[in-house]
Amino acid sequence: MSYSSYRGTVGLIRPTMRPGVLEDLVRVLPEGICLIPVFNDVRGAREEFESAIPLYRERAEEVARQDVDLIFLSGAPPFMVLGHDHEGELMETWEKELGIPVVTSAMNQIEALQALGARKFYGATYFGDELNEIFANYFISAGFEPLAMEGLTDVPFTRVQEVSSHVVYANIKKGIRRHPDAEAIYMLGPAWRTLDIIEPLEQDLGIPVVHATPAQSWLIQKRLRVRQPMPGLGRLLAEMP
């Protein structure tokens, strides 16, 4: 193992070739954790999410050959479409076949909400009603109470990175006004460039935010037995629960 990856190496399988998302994750990981990234090319349709699972399996075999310590299947929607129970069974099978721990973004976000002690949450996404209902049912099957799972912007999947984080902030605040019992805010997916609004949302609304990118860093550290808190990106990374 090279010195640059002395704290562990993660095989990261990204669902899209969207620029910026991988760079954001690298910035919020501690020094000494290295990524071996590979990419699918999903464009956002439900049918693509359903057909992407075999591609994830192929990519998992590729990174497993690189002697990684963890395989992270990034992109929650493909695995939420599978359903919570089917996802868990499939990941157990893949772990046995590959001999390496495997985690999905959807599993990651469940663990993050549990670590923050949040059962009821307000969900914000960049998808439409059909997929949002599937996402909500995934969390219900996992024992949560999504008070809402709302698509906040009417922008094509391939262009959501162009949406202003301030627009996302304003829409989430409106959503929380409608659901004041929320114990957390859940932001599905890292395609929005919204790291800058995590702290303002937590400070202004008084509840934690689960954002995909800090959640990935938190879980990767947890699985690699690393603990390096990072302020400025919400309670999950600042407190490392």
Side-chain angles (χ1 to χ4, degrees), residues 5 8-18 20-26 28-29 33-115 125-127 131 134-135 137-139 141-142 157 186-192 210-224 226 236:
S5 57
T9 302
V10 179
L12 179 72
I13 302 168
R14 290 278 312 133
T16 70
M17 297 183 183
R18 195 190 307 273
V21 177
L22 178 61
E23 293 89 335
D24 282 346
L25 178 58
V26 170
V28 302
L29 280 172
I33 295 176
C34 283
L35 303 176
I36 297 178
V38 293
F39 301 86
N40 292 322
D41 190 20
V42 173
R43 300 299 178 96
R46 174 178 175 171
E47 295 75 16
E48 283 187 290
F49 291 142
E50 292 173 337
S51 63
I53 302 302
L55 295 176
Y56 274 98
R57 183 63 175 81
E58 292 176 17
R59 303 290 186 266
E61 289 183 11
E62 291 176 15
V63 296
R65 291 194 290 268
Q66 305 306 312
D67 194 29
V68 298
D69 302 295
L70 174 69
I71 297 173
F72 198 113
L73 309 179
S74 186
F79 298 96
M80 289 183 177
V81 168
L82 273 181
H84 177 257
D85 293 341
H86 188 188
E87 174 198 45
E89 293 168 359
L90 189 62
M91 293 309 105
E92 285 185 13
T93 300
W94 289 13
E95 284 192 349
K96 291 176 182 176
E97 292 172 348
L98 298 170
I100 297 168
V102 180
V103 66
T104 73
S105 283
M107 295 163 63
N108 175 189
Q109 291 156 12
I110 283 176
E111 288 195 38
L113 287 164
Q114 290 172 335
T125 87
Y126 36 79
F127 293 96
L131 281 169
I134 291 172
F135 303 154
N137 287 333
Y138 173 90
F139 282 104
S141 297
F157 178 77
Y186 166 69
M187 298 174 67
L188 185 149
W192 279 328
V210 172
H211 180 293
T213 302
Q216 281 184 318
S217 176
W218 169 80
L219 188 65
I220 287 170
Q221 292 187 61
K222 180 179 173 182
R223 294 298 174 91
L224 297 181
V226 174
L236 195 63

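Numbering starts at 1 and runs along the sequence shown. Remember, it's a predicted structure, so these values are computed and weren't measured experimentally.
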[X] side chain near [Y] side chain, heavy-atom distance below 4.5 Å:
X    : Y    : answer
V26  : L35  : yes
E111 : W218 : yes
L22  : L12  : yes
L224 : V10  : yes
W94  : I100 : no

What is the minimum heavy-atom distance between [X] and [Y], and which atoms define it?
X    : Y    : result
I71  : A64  : CD1-CB, 4.1 Å
S105 : G75  : OG-N, 3.0 Å
L70  : P101 : CD1-O, 3.6 Å
L188 : F127 : CD2-CE1, 3.5 Å
P190 : Y126 : N-OH, 3.7 Å
I220 : L29  : CG2-CD2, 4.1 Å

Check: [Y] main-chain N/O paired with [X] side-chain donor or acceptor under 3.5 Å:
X    : Y    : value
E62  : R59  : no
Y56  : S74  : yes
N108 : V103 : no
S217 : T213 : no

Discussion item. I need the single residue from I13, L90, L98 that forms a side-chain contact (heavy atoms from CB on, under 4.5 Å) with R57. Which is it?
Written reply: L98

Straight-line distance of [X] [atom1] to [Y] [atom2], nearest 0.5 Å:
X    : Y    : atom1 : atom2 : result
T93  : M91  : OG1   : CE    : 8.5 Å
W192 : M187 : CH2   : CE    : 5.5 Å
E97  : E92  : CD    : CD    : 12.0 Å
F135 : T125 : CZ    : OG1   : 6.5 Å
M107 : M80  : CE    : CE    : 12.0 Å
I36  : R65  : CD1   : CZ    : 11.5 Å

Fill in: E87-T104 side chain donor-acceptor pair, cut-off 3.5 Å
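Yes, side-chain donor-acceptor contact under 3.5 Å.
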
Discussion item. Over 60° means perpendicular and under 30° means parallel, so tell me whether H84 and Y138 are parallel, tilted or perpendicular.
Written reply: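 Rings of H84 and Y138: perpendicular, as their planes differ by over 60°.
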
